Amino acid sequence: MEAIYLHQFIILAGAMFLALLSPGPDFAMIVKQSITYGKRSSIFTSIGIGLIISKSIILFNIIKYIGAVYLIYLGIQSLKSKGIKLDDKDKSTNKEISDLKSFTSGFLCNALNPKATLFFLSMFTVVIDIHTPLYIQGFYGLFCIFATIVWFTFLSLVLSQNKVRGFFSKFGVWFDRTVGAILIALGLKVAFSK
């Protein structure tokens with residue numbers, strides 16, 4: 001890899017690392033999926049989160065409002081929840097959630113997240129030179145997808161541990177209400193962001 005592309009990649013990787021560490025809708029979604037449904041569901045949600053990049057400003061504004069409504073919807077659903085219930089063996093007694101539904105939840109959470117859209121827009125227009133070959137840009141895109149999936153899968157594995165889930169299950173309804181309030185607040189923030 002030529003020095004200029006290596007320089008671009010280092011900037012992109014550093015920015016990606018910082019973006020993944022900052023809590024947002026994706027992080028809240030992974031916490032909820034891990035605690036409520038367990039490891040498998042949360043990993044499929046992580047894969048869904050990793051598979052979206054957008055490039056259009058008009059699309060960005062559409063995504064912003066749909067994303068705000070989606071986050072508020074998820075928040076309301078959490079507020080209406082009866083809480084997490086784990087049986088004596090630390091297994092969830094909640095309804096199962098399909099892999100497709102988990103994947104779709106993660107995909108929609110990130111697809112409708114303007115923060116993610118802005119991040120990729122800025123990276124691929126400011127940091128990456130217009131003359132960068134498409135195969136290098138493709139590599140950057142694959143790296144971003146891979147890094148996102150690895151990070152959120154790691155969070156899924158940590159948060160879906162029986163001890164962690166058991167801790168949160170003690171708070172039952174209040175955990176879901178807190179996550180619901182956070183999702184609604186994030187949805188409102190997204191709706192009013194410029």
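Positions are given from 1, in the same order as the sequence printed here. All values derive from a computational prediction rather than experimental measurement.
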Going only through I, L, V, M, F, W and Y residues with side-chain contacts under 4.5 Å, is there a path from [X] to [Y]?
X      : Y      : value
Leu18  : Phe154 : yes
Trp151 : Val158 : yes
Val69  : Leu188 : no

List the residues meeting side-chain contact (heavy atoms from CB on, under 4.5 Å) with [X], not counting sequence neighbours, and say none if there are none.
X      : answer
Leu100 : Ser98, Thr104
Ala181 : none
Thr178 : Ile182
Leu12  : Met123, Tyr140, Cys144

[atom1]/[X] to [atom2]/[Y] distance, rounded to the nearest 0.5 angstrom?
X      : Y      : atom1 : atom2 : answer
Ile136 : Ile4   : CD1   : CD1   : 10.5 Å
Lys39  : Leu157 : NZ    : CG    : 6.0 Å
Met29  : Leu155 : CE    : CG    : 14.0 Å

Is there a side chain to side chain contact (heavy atoms under 4.5 Å, CB included) between Ile30 and Asp26 once you walk through the steps?
-> CA-CA 6 Å; Ile30 290 299; Asp26 298 335; 5.6 Å; no

Can you sort out the partners of [X] under side-chain hydrogen bond (donor to acceptor under 3.5 Å, both in side chains), two or more places apart, ordered by chain and number?
X      : result
Thr132 : Gln8
Ser42  : Ser34, Ser156
Ser102 : Ser41

State, yes or no, whether a side-chain contact exists between [X] and [Y] at a heavy-atom distance under 4.5 Å.
X      : Y      : value
Thr45  : Phe103 : no
Leu159 : Gln33  : no
Tyr5   : Phe139 : no
Ile49  : Ile149 : no

Arg165 side chain to Ser160 backbone, donor-acceptor under 3.5 Å =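 No: the side chain of Arg165 does not pair with the backbone of Ser160.
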
Shared-cluster residues of Val150, by chain and number - hydrophobic side chains joined below 4.5 Å =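 Phe146, which link up through side-chain heavy atoms under 4.5 Å apart, make up the rest of the cluster.
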
Stepwise side chain to side chain contact (heavy atoms under 4.5 Å, CB included) test for Ile43 and Phe152 = CA-CA 7 Å; Ile43 288 173; Phe152 286 116; over 6 Å; no

